[in-house]
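Notes for the one structure printed next.
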Amino acid sequence: MIVVKVGGSEGINYEAVAKDAAQLWKAGQRLILVHGGSSETNRIAEALGHPPQFLTHPGGLTSRLTDRKTLEIFEMVYCGLVNKRIVELLQREGVNAVGLSGLDGRVFEGRRKEAVKYVENGKIKIHRGDYTGSVERVNTTLLTLLLEAGYLPVLTPPAISYQGEAINTDGDTAAAMLATAFKAEALLLLSNVPGLLANFPDESSLIHEIPADRVSEYMGVAQGRMKKKVLGAVEAVQGGVGRVVFGDARTPNPISAALAGRGTVVR
Ligand code: ADP
C-alpha cells in the first residue's frame with residue numbers, strides 16, 4: 001500500500017498526479033490518495049467576502065481560523081471542487097475512484113479543539129468556537145471494503161469529532177495517520193517544491209535524505225506549514241511506515257519519481 005498526499009498550493013499538476021496514479025493502480029499497486037485545497041480555499045473565501053484568517057500558536061505553528069462559515073467554504077472547496085476534480089481526472093484515466101471526506105464513514109476521527117491558544121502582539125490569547133482538531137484515529141473498515149471491491153479512495157479533510165461535528169484538520173497529519181494505519185510501504189507528500197530545502201526557496205538546496213532519528217536537526221530549516229509535514233513524516237516512520245518522501249507535484253510523473261527517491265526521503 002502507498003498513501004499519496006497531494007498538496008493544495010499553487011502549481012500542483014493534478015493531471016500528472018492522476019495519470020501517474022492510474023498507471024500504478026492498473027499495474028496492481030494498492031493506493032489511497034489524500035488531498036489538500038488551501039490556496040483554492042483562500043481564493044474562494046476572498047471572493048465570497050469572508051477572507052481567510054490564520055492563527056499563530058505559541059509553538060510557532062499556524063492554522064486556519066475556522067468559524068462555521070469558514071468550515072462551509074472549506075467543505076465546498078475540499079469536498080466539492082478539489083475532490084471531484086481529482087475523481088474526474090482518475091475516471092478519465094479509467095480508474096474507478098471514489099471521493100470521501102473524513103466525515104463519511106468516520107474515516108478520519110479526532111477531538112474538536114474548541115478553544116485554541118494563539119499569539120497576538122506577544123500575548124497569548126484564546127479563540128473559542130473553532131471547528132478544528134487533529135486526527136487521532138483512522139477507521140479503515142470502509143476503505144478496506146472499497147479497496148477490496150476495486151475502488152480507489154480519494155480522501156479529504158474535514159475529519160469528524162467524537163461528537164459527530166465536522167472539524168478542519170491538517171491533511172498531512174491525516175495522511176500520516178492513514179499510512180500508519182495501513183502500515184504503508186511509503187507515504188508521499190507531494191507539494192509545489194522539490195522537497196525539503198535547506199535554504200528555502202533555493203531549489204538547488206534540496207536535502208536528499210533525512211534519517212528519522214535526526215529530524216530535529218532539520219526542523220530549523222522548515223518554515224510555516226513545512227514544519228507540520230516534517231513532524232508528520234517522523235510520526236509515520238516511527239509508526240511503521242517504510243519511508244516518507246517529500247516530492248514535487250509540478251513534474252510529469254510525480255508519484256513514480258517520489259517512489260524512485262526523487263525529493264527528500266525520510267526513513
Ligand atoms: P501543500 O498545501 O501543497 O501541502 P504547504 O503549503 O502545506 O503545501 O507546504 C509546502 C510549502 O512549504 C512550500 O510551498 C513552501 O512555501 C513552504 N516551505 C517552508 N519551508 C520550506 C523548506 N525548508 N523547504 C521547502 N518548502 C518550504
Side-chain angles (χ1 to χ4, degrees), residues 3-18 20-21 32-45 52 54-57 59-64 66 73-74 77-79 81-83 85-86 102 108 132 134-135 154-158 168-179 187-210 214-236 244-251 254-255 257-258 262-266:
V3 173
V4 180
K5 152 76 178 19
V6 198
S9 34
E10 226 64 65
I12 304 240
N13 188 347
Y14 290 106
E15 285 82 3
V17 171
D20 207 3
I32 300 179
L33 273 173
V34 182
H35 65 83
S38 54
S39 68
E40 201 109 48
T41 299
N42 294 346
R43 246 183 352 94
I44 290 176
F54 294 90
L55 299 175
T56 302
H57 304 293
L61 293 173
T62 57
S63 68
R64 184 185 296 277
T66 311
I73 296 168
F74 182 92
V77 176
Y78 279 71
C79 312
L81 191 59
V82 181
N83 191 269
R85 176 191 293 155
I86 295 173
F108 292 141
T132 52
S134 41
V135 176
V154 181
L155 301 180
T156 179
N168 178 0
T169 196
D170 175 51
D172 294 314
T173 315
M177 298 285 293
L178 179 68
L187 164 66
L188 313 179
L189 298 173
L190 308 180
S191 186
N192 67 345
V193 278
L196 183 64
L197 306 172
N199 205 351
F200 178 76
D202 174 9
E203 299 202 355
S204 68
S205 68
L206 177 68
I207 297 165
H208 293 277
E209 190 157 340
I210 305 179
R214 286 183 46 205
V215 157
S216 54
E217 297 167 34
Y218 295 86
M219 274 306 281
V221 304
Q223 292 150 33
R225 296 249 318 114
M226 202 68 193
K227 277 195 197 298
K228 279 191 191 164
K229 283 188 204 294
V230 176
L231 291 174
V234 181
E235 272 169 34
V244 180
V245 186
F246 299 102
D248 197 335
R250 301 166 301 179
T251 55
I255 302 176
R262 281 256 295 277
T264 304
V265 183
V266 184

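Atoms within each ligand, like the ligands themselves, are counted from 1 in listed order. Since we're looking at a predicted model, the values are computed, not measured.
The shortest non-hydrogen separation linking G171 to K5 is C-CE, 3.9 Å.
Salt bridge status for D248 with R262: absent, with no side-chain N to carboxylate O gap under 4.0 Å.
A cation-pi contact, defined as under 6.0 Å to the ring centre and within 45° of the axis, links R85 to Y14.
Side chains of S205 and D202: a donor-acceptor N/O pair is absent below 3.5 angstrom, by distance only.
With a 4.5 Å cut-off on side-chain heavy atoms, P158 and C79 count as touching.
Near ligand 1, residues K5, G7, G8, S9, S38, S191, N192, V193, G195, L196, L197, F200, V221, A222, Q223, R225, M226, K229 come within 4.0 angstrom through at least one heavy atom.
For the side-chain hydrogen bond (donor to acceptor under 3.5 Å, both in side chains) with D170, the qualifying choice from R64, K228, R225 is R225, the only one to do so.
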